[in-house]
Protein chains: 2
Amino acid sequence: MVVCSANHSLGHTFLNDQNQSVVELVSGRERLLKSALKLFAERGFDGVSVRDIAADANVSGGLIKHHYGSKEGLRQAVDEYFISRFESFYGTGDQHVENLQGGEFLATIDSWVSSVADEWPIFSRYFRRALLEETEWGAALFKRYFEIVRGSIDRLDAQGRIRPDVDRLWLPFLFIFLETGTLLLDQYIEKSLGRSGYDRDLWRRRYLAYSDMIARGIMIEPGNTSS
Amino acid sequence: MVVCSANHSLGHTFLNDQNQSVVELVSGRERLLKSALKLFAERGFDGVSVRDIAADANVSGGLIKHHYGSKEGLRQAVDEYFISRFESFYGTGDQHVENLQGGEFLATIDSWVSSVADEWPIFSRYFRRALLEETEWGAALFKRYFEIVRGSIDRLDAQGRIRPDVDRLWLPFLFIFLETGTLLLDQYIEKSLGRSGYDRDLWRRRYLAYSDMIARGIMIEPGNTSS
DNA sequence: AAATAAACTATACAAACGTTCAACAGGCTT
DNA sequence: AAGCCTGTTGAACGTTTGTATAGTTTATTT
């Protein structure tokens, strides 16, 4: 999906440093999209200028206007690309909490982490920005994410795995807080632990801690907090 | 602490709509600080112009330069004010998880919520922005917050209340994820539940759900996730 | 090979930004 | 009353922003 999807040509011809004619395999349009995705993820929409994006993609700034109409149009195109990746990561499979059977649970997480590893550094940062920048699209993305998490909880609930007295109003949010914590605060995890919370081992270990807290809590004397 | 701290005069004289001489009780310097606090909280440092701040404070833009040197200098002054409020909210007292004795726990939370209620809407939004904008000061603020949370955990641990097999590396982060979830994502809670997660009743109810999950977990069959 | 369409570049423009500065008003000191 | 310091104003500056547009190169069509 990365190589050449242009309709008309195999690429754009230009001269390199040695005045040799060279063919860019990826069109300016595609390079703009990927550069925008990367830079928006790193610095946010308002933190990046069209000149930054054009420079990163090695094209002239006017090309954004030509292909995407405006900076906002480029954002929409990036959003569409992101959501397609999002659905491919979260949308289909049942990689979630509902089928956790001992070691199988860890193996599922591990293989899921492997499958998203390449795209994750940029994907996760774009996801973070999308949730934090207060746009309508960000709200729609959260809504979709919320549905996915609630779906997992509902399936657990249908199996009778969740205690009846657990607050069903806050439960999906508490799950989301735990799941998005690393997404939103990874810069501080990295400062504190020396590597990203999405480092393979830390990721695995966090899921163990996280699912253990959900399953059993962390306290020794149970039930001494509520009434 | 809000009224008049000027050294030289009780206020600045100016003419109102009816050409009556009126004394502003709060100096332009203070109004600038409060306006900046509010606007930075709502829209972020880069989302607010010095003209916006000056207009909100009913002063000329040049006054920022005079009192604070620059926009960045104004931010530092706001940061200092914020950190003093932060310490007064979190720093001293033991309003945290370590002395949770049934109903007393809820009463402690309730009174703490009451004591911060007035300032909370602006304070919490500024806190959020400080954590999310990637500044050195934000990192220092997180570090301080992390220390406070870990301190609570350490005291719980010293009392032998936490199971020995619980992952001590991730535990403070999981606490922070749960505590800051509403801080960072309140816009979506508001959209989903119709009111802020810092609404009194929702706040209380969240703490119940949150401490219950920590104490006992939420699942019916305990211990079926790890190994 | 000529013509048309698409990809792409370079420059110009108005708006908004943070900053600077000359001027002025009011209260305090002498 | 004169002088000075502080608080305050309003306009100007240079820079950067997103957008617009005219022109050039490359690719496709006829």
Side-chain angles (χ1 to χ4, degrees), chain A residues 4-16 19-36 39-40 43-78 135, chain B residues 4-16 19-36 39-40 43-78 135:
Chain A
C4 189
S5 78
N7 297 326
H8 310 289
S9 76
L10 276 166
H12 180 64
T13 313
F14 73 107
L15 298 180
N16 70 0
N19 257 10
Q20 300 164 318
S21 182
V22 168
V23 175
E24 274 283 356
L25 286 176
V26 180
S27 68
R29 181 188 176 105
E30 279 182 89
R31 292 205 309 281
L32 274 174
L33 193 84
K34 291 301 164 67
S35 291
L39 294 177
F40 288 164
R43 298 189 239 154
F45 184 75
D46 291 330
V48 176
S49 73
V50 293
R51 287 167 179 81
D52 292 334
I53 303 170
D56 190 83
N58 267 310
V59 297
S60 165
L63 203 58
I64 292 176
K65 160 89 175 170
H66 180 251
H67 281 304
Y68 299 101
S70 67
K71 189 190 181 190
E72 182 60 37
L74 176 55
R75 188 226 288 255
Q76 285 178 27
V78 176
T135 64
Chain B
C4 191
S5 77
N7 296 328
H8 309 289
S9 76
L10 276 165
H12 181 62
T13 314
F14 72 107
L15 298 180
N16 70 359
N19 260 8
Q20 300 164 319
S21 183
V22 167
V23 175
E24 274 282 357
L25 286 175
V26 180
S27 68
R29 181 187 174 103
E30 279 183 89
R31 294 206 307 281
L32 274 175
L33 193 82
K34 292 301 164 68
S35 291
L39 294 178
F40 288 164
R43 298 187 238 154
F45 184 74
D46 291 329
V48 176
S49 73
V50 292
R51 287 166 180 83
D52 291 334
I53 302 170
D56 190 83
N58 267 311
V59 297
S60 166
L63 204 58
I64 292 177
K65 158 86 177 175
H66 181 254
H67 281 305
Y68 300 101
S70 66
K71 189 190 181 189
E72 183 59 37
L74 177 54
R75 188 225 289 257
Q76 285 177 26
V78 177
T135 64

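Below, read A as the first sequence line, B as the second, and so on, with proteins coming before strands; counting in each chain starts at 1.
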Original post:
How long is the line joining CG of A:Asn58 and P of C:dA7, in whole Å?
Top reply: 19 Å
Original post:
Can you list every salt bridge (charged side-chain N to carboxylate O under 4.0 Å, His left out) pair that touches residues 43-54 of chain B, not counting sequence neighbours?
Top reply: B:Arg43-B:Asp52
Subject >> Distance in angstrom units between A:Leu39 CG and D:dT17 P, rounded >> reply: 13 Å
Original post:
Rounded to the nearest 0.5 Å, what separation is found between the CD1 atom of B:Ile53 and the CD1 atom of B:Ile64?
Top reply: 5.0 Å
Original post:
For A:Tyr68 and C:dC8, what is the distance between atoms OH and P respectively, to the nearest whole Å?
Top reply: 10 Å
**OP:** Scan nucleotides 10-23 of chain C nucleotide by nucleotide, 5' to 3', and note B when protein non-hydrogen atoms come under 4.0 Å of the base, S if they reach only the sugar-phosphate, - if neither.
**Re:** B-B----BBBB---
Subject >> From CG (A:Asp56) to CG (A:Leu39), nearest 0.5 Å >> reply: 4.5 Å
**OP:** Establish, with yes or no, whether the OP1 or OP2 oxygen of C:dC8 is under 4.0 angstrom from a side-chain nitrogen or oxygen of A:His67.
**Re:** yes
Subject >> Any donor-acceptor N/O pair, B:Tyr68 side chain to B:Arg75 backbone, under 3.5 Å >> reply: no
Original post:
Judged by atom type as modelled, is there a donor-acceptor pair below 3.5 Å linking the side chain of A:Ser60 to the main-chain atoms of A:Leu63?
Top reply: no
Subject >> Separation of B:Arg29 CZ from B:Leu74 CG (nearest 0.5 Å) >> reply: 10.0 Å
